[in-house]
Undergrad: 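One structure coming up, written as C-alpha cells, with questions to follow.
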Amino acid sequence: MTPAIGVPTPPGDRLVSVDEARAAIAAALRPVTEHERVPLRSALGRVLGEDVLSPIDVPAHDNSAMDGFAFAGGALRSGGATTLRVVGTLYAGAPFAGRIGAGECLRIMTGAVMPEGLDTVVPLESCRAEGERVHIEPGTLAVGENRRRRGEDLARGLPALHAGRVLRPVDLGLVASLGIAEVSVMRRLRVALFSTGDELRTLGQPLEPGCVYDSNRFSLMAAVQRLGMEVIDLGLVRDDPGALQATLEAAMAQADVVLTSGGVSAGDADYTRGLLERLGEVTFWKVAMRPGRPFAFGPLRTPAQPRWLFALPGNPVAALVTFYAFVREGLLQLAGATPDPLPVLQARCTQAMRKRPGRTEFQRARLAPGAGGGWEVQLTGAQGSGILSSMSQANALVVLRHDQGAVAAGEAVDVWLFDGLV
Ligand code: AMP
Ligand code: MG
C-alpha cells in the first residue's frame, strides 16, 4: 500500500536493494565476544579468538632448499669453473659439527641445516661431481641461492594467524608447525530455527491433501551446521500468533540468532510483522530481488545479550538464496569471523535471460569449463522459487544485478559459486 502523501515511509517498509540489505545487516550486527580454548584437533572451522603469535622462527635455522653441495658463495669464480672439494655429508635433522675450510663443500640434503659460514647450495643437477671434486660452470648460480632463511616462513613474535580467521586444514598445520597444541576460539554461535505454516508436515507424518513436507528446516539446519555453529531445532509452528510468539520467545531465550522460514509474504505478513514489532525492530522487510522478496531482518529486544532475527521466505529456493545472499555472511560476522568476501566470478552464459531492471535476480545454474576455454554457466531448468530440484542440480547462482537488463546468449554474467555451502 502506498502511504498517504506527507506520511514518511517507515524504514522497514521501503523496498531495499540486495546491496543495501547486505550493508544494513553488516552495519547492525554485533559479534559475540566470549572465547574458549580448544585443542588443535577440535579446532577445524572454529573462529580464531586471538592472534596466534609465533613463539619460534620457522624454519628455526637456515637450511637447504635442494639436494646438492653447500659452500661459501664467496668461492664462486666468474672467469672460469669453480672447483670445490667434498669433505662430508649433511642430512636433514642432523646438524654438522666439524669445520669447513676455503674451497671445501659438503654434500647436503633438502632441509638439512646450513652450517655456520655456508650460504649457497648448488643443486646436484647443476654441477658435475667427480669423486671428491665438484665443478660449477660460471653463471650457474648466484651467492646465497637455494638457501631457505631462518624465519622466512614465520618470524618469532609476529602474528602467524589473525583473530577472526575461520580455521582451515592448512591453518591447523601452520599452528602445529609452531609447536602450539591449543588455540583460543570464539564460542560457537547458537542458531535457533523453526518453520512456519499450517500446511507443513514433518517427516514421518502422512501427507494430507494440500500439505507439503517441511524441507526448509533440513536444508537450513545443514547450512548452519556447515558453518560450524550450534543448531537448536524448534520444529514446526502453525500460522497462529500465540504459537509464533511463544516459539520466538523460546528461541530468543536460548540462541543468538533466530532463523525462521515462511509467514513473511503478503497473506501472513500482518501478524508476523506485528509480532516482530512487539519483540524487536524491523530493519527491513522487502528486498528487491527474485526469488526472495519477502525477507525480514532486525534485532530482537532482549534484556541481556543482543538477538537477531532473519525471517526467510517459505519457498524452498527463496529460503536458500536469501540464506546465501544475507544470512551466511551475517552468521559468520556474528561468530566473530572476518572472512574474505565470496568471489564474484564472471562466466559466459549459454542462453539468453529475460531480466527487469530494478531488482536483483538469481538463476540456478551449473558452472563448468566451456568448450572454447574459460568458464560457462548453464541454467539447470525450471526456475520457479518452489522448485528445489533445479537448485539441487546447480552449483552456482547467476546474479543479474539490480540495474541490469536482459542478457543475450554468450554474454558474460556475474556468478556466485555456492557448491556445498547451501
Ligand atoms: P510462505 O512464505 O509461508 O507464504 O510460503 C511460501 C510457499 O513456500 C508456500 O507454498 C509454502 O507451502 C512453501 N513453504 C513454506 N515453508 C516451507 C517449508 N518449511 N518447507 C517447504 N515448503 C515451504
Ligand atoms: Mg506460510
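These figures come from a predicted structure and were not determined experimentally. Indexing begins at 1, ligand by ligand and atom by atom, following the structure's order. Numbering of residues begins at 1 and proceeds along the displayed sequence.
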Undergrad: What are the atoms of ligand 1, with element, lying closer than 4.0 Å to any heavy atom of Asn315?
TA: 6 (C), 7 (C), 8 (O)
Undergrad: Heavy atom of Arg217 under 4.0 Å from ligand 1?
TA: no
Undergrad: Please list, in number order, the atoms of ligand 1 under 4.0 Å from a heavy atom of Tyr213.
TA: 20 (N), 21 (C)
Undergrad: Between Glu182 and Arg37, is the closest basic N to carboxylate O distance under 4.0 Å?
TA: yes
Undergrad: Using the rule side-chain contact (heavy atoms from CB on, under 4.5 Å), only one of Val38, Leu44, Leu172 pairs with Leu167; which is it?
TA: Leu172
Undergrad: Are Phe362 and Trp416 close enough that their ring centres sit under 6.0 Å apart?
TA: yes
Undergrad: Distance under 4.0 Å to a non-hydrogen atom of Asp214: what atoms of ligand 1 satisfy this?
TA: 18 (C), 19 (N), 20 (N)
Undergrad: Output the list of atoms in ligand 1 that are nearer than 4.0 Å to some heavy atom of Ser195, sorted by atom number.
TA: 19 (N)
Undergrad: Is it true that Phe284 and Phe295 have ring centroids separated by less than 6.0 Å?
TA: yes
Undergrad: Any heavy atom of Ser215 sitting closer than 4.0 Å to ligand 1?
TA: yes
Undergrad: Out of all atoms in ligand 1, which are within 4.0 Å of some heavy atom of Pro316? Include the element for each.
TA: 21 (C), 22 (N)
Undergrad: Under 4.0 Å between a Lys/Arg side-chain N and an Asp/Glu carboxylate O for Lys355 and Glu361?
TA: no
Undergrad: Before we go on, tell me: are the rings of Phe326 and Phe297 under 6.0 Å apart, centre to centre?
TA: no
Undergrad: Would you call Gly386 a ligand 1 contact, heavy-atom distance under 4.0 Å?
TA: no
Undergrad: So, are Arg201 and Asp214 salt-bridged, with charged N and O less than 4.0 Å apart?
TA: no
Undergrad: Within the 4.0 Å heavy-atom shell around Gly263, which atoms of ligand 1 are there?
TA: 1 (P), 2 (O), 3 (O)
Undergrad: Counting both backbone and side chain atoms, is some N or O of Val212 under 3.5 Å from an N or O of ligand 1?
TA: no
